[in-house]
Amino acid sequence: MTDRGFRPWPGHVVIVGGGTAGWLAAMMLSDVARRRQTGTRVTVIESSRIGVIGVGEGSTAVFRQMLRHFGLDEGEFLAETGATIKYGIRHRDWRRKGHSYDGPIDDPHLVTGRVRLDAYAVAAGRSVTEAHLFQHLLNGQKAPVAEREGRQIPVGPFDHAYHFDQALVGRWLRRKARGIALIDDQVTGIETGEAGIAALRLEAGGG
Ligand SMILES: Cc1cc2nc3c(=O)[nH]c(=O)nc-3n(C[C@H](O)[C@H](O)[C@H](O)COP(=O)(O)OP(=O)(O)OC[C@H]3O[C@@H](n4cnc5c(N)ncnc54)[C@H](O)[C@@H]3O)c2cc1C
């Protein structure tokens, strides 16, 4: 197979690698370009012959905000990727053997912009985790929603995080991405010019 050059044109962003990192970057860039009407095209080059790292990955609450921003359904995300809701991180045997500490992932003030941590409880000497709704949900092994007349209602304004298989989420994001070109090929090298990378060498030529 002969390596051939793939030369992006001005206003064309090419992302090499299509795991969660690649597809999230592509979706965000494409979204900004659409909103600002820059005419920028986004292409992802990934190789079906080279897998993703495929680790279990923990997000922050920003991931949930991102789902909402792109109009992606959380229920579908959880069902199709097997992701799980993550309230915090349990540090077992933290200070000494037998002592454990649950740390929240995000400060609720940062992730809602409206609700602050219960500062009165903290000032009264209670731990930060005790003052956080997620700790109570974690202790009771509860979901962050209540069922009312067949509808699911959020129990608070907070955005939770997730833990997921990044290979499955990468594939799900690829299915959900709109207006992004995909090239399944292997980058074998680059050609540089005065402004940096001028072209990518692709194994099959970018078809
Ligand atoms: C053990 C472990 C735990 C982690 N935990 C977390 C965590 O909790 N939270 C978190 O945010 N991050 C975590 N990370 C980091 C995160 O998983 C990865 O850094 C990130 O998702 C990897 O994204 P990536 O796009 O770099 O690689 P990948 O998702 O592995 O994707 C690589 C992509 O590049 C393509 N590719 C590779 N070579 C070529 C080529 N020559 N030509 C064309 N395409 C090519 C592949 O086809 C694939 O699509 C963890 C990483 C590890 C190893």
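The figures here come from the full heavy-atom set of this structure, side chains too, leaving out hydrogens, waters and symmetry mates. Start at 1 and go down the list; that is how both ligands and their atoms are numbered.
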Have a look at [options] and point out the one with the heavy atom closest to [atom].
| atom | options | result |
| --- | --- | --- |
| atom 3 (C) of ligand 1 | Leu200, Val55, Val187 | Val55 |
| atom 30 (O) of ligand 1 | Val44, Val169, Ile53 | Ile53 |
| atom 24 (P) of ligand 1 | Ser59, Gly22, Ala21, Ala161 | Ala21 |
| atom 29 (O) of ligand 1 | Gln166, Arg49, Lys86 | Gln166 |
| atom 7 (C) of ligand 1 | Arg201, Glu57, Gln186 | Glu57 |

Distance to 0.1 Å, residue and atom name: give those for the protein heavy atom nearest to [atom].
| atom | answer |
| --- | --- |
| atom 35 (C) of ligand 1 | Gly17 CA, 3.6 Å |
| atom 5 (N) of ligand 1 | Gly56 O, 3.9 Å |
| atom 39 (C) of ligand 1 | Ile50 CD1, 3.5 Å |

* Asked: Of all the heavy atoms in Asp185, does at least one lie under 4.0 Å from an atom in ligand 1?
  -> yes

* Asked: Under the 3.5 angstrom rule, does the side chain of Ser30 hit a backbone N or O of Ile180 as a donor-acceptor pair?
  -> no

* Measure from the side-chain N and O atoms of Thr20 to the backbone N and O of Val169, and report whether any donor-acceptor pair falls under 3.5 Å. => no

* Could you verify whether a donor N or O on one side chain and an acceptor N or O on the other, from His12 and Thr40, lie under 3.5 Å apart? => no

* Asked: Is the shortest distance from a Lys or Arg side-chain nitrogen in Lys86 or Glu57 to a carboxylate oxygen in the other one below 4.0 Å?
  -> no

* **Is_contact(atom 26 (O) of ligand 1), protein non-hydrogen, under 4.0 Å** => no

